[in-house]
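Structure, as structure tokens:
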Amino acid sequence: MIYTKTGDGGTTSLVGGTRVDKCDIRVEAYGTVDELNSHLGVIGELIHESQEKYYQQVKEIQNDLFVIQTLLATEDADLYQKLPQLKEDAPEKLEQWIDQMQELLPKNNAFVIAGGTLAGAQCHVARCVCRRAERRIVELTKQCDVAVHLKKYINRLSDYLFVLSRLMVVLESKEENFWHA
């Protein structure tokens, strides 16, 4: 059954069963990562047929985000250690992908405005949600420990999404939108 009715009073269960308010910062953090993951699903479907390499990267990132969601939803330290973990070199993997994509892009010294293509615009939406997820995770770190490489991954992911947005526009031979003051 999809509905349990246990959340009707405004609480939800963390991994391990602890009940917390749905507005708890931990729920905000993993919920925002979940939202980000959904936006990446849209990006994946938009590029699947034309950009298989980047589609595969997006799918790998989605798996990483599911691991992150689960870790953020777990406060029990013993249970946390038994869960799948984000690889410590995961941020460096994103850096490598960013570097490879940037080699295909023209130099840019202006602010980029979302648009150009649907996939490019959706990457910007995901980038903004990623930044919000990062803010929620930083706030969570005021209450509990969050692995440094997990925070770094989310920070680097927003950079990845920015570069991917530019690349999607360029690969479709469209014009990038730049801010003109």
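Given the structure is predicted, the values throughout are model-derived calculations rather than measurements.
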Does [X] use its side chain to pair, donor to acceptor, with the backbone of [Y] at less than 3.5 Å?
X    : Y    : answer
D24  : R26  : yes
H39  : V125 : no
R127 : Y160 : no
Q85  : L83  : yes

Would you kindly say whether [X] and [Y] are connected by a side-chain donor-acceptor distance under 3.5 Å?
X    : Y    : answer
T32  : R136 : no
E134 : S158 : no
E52  : Q56  : yes

Side-chain contact test, heavy atoms from C-beta onward, threshold under 4.5 Å: evaluate it for [X] versus [Y] and give yes or no.
X    : Y    : result
D64  : K93  : yes
L71  : T74  : no
R166 : C123 : no
V169 : V112 : no
L157 : L65  : yes
Q102 : I98  : yes
L171 : T117 : no
L94  : I61  : yes

Quick test of your reading of the model: are [X] and [Y] salt-bridged, counting only N-O distances below 4.0 Å?
X    : Y    : result
R131 : D159 : yes
K152 : E92  : yes
E139 : K142 : no

- Message: Counting only heavy atoms not in E175 (residues, nucleotides, ligands), do more than 12 fall under 6.0 Å from its CD?
- Response: no
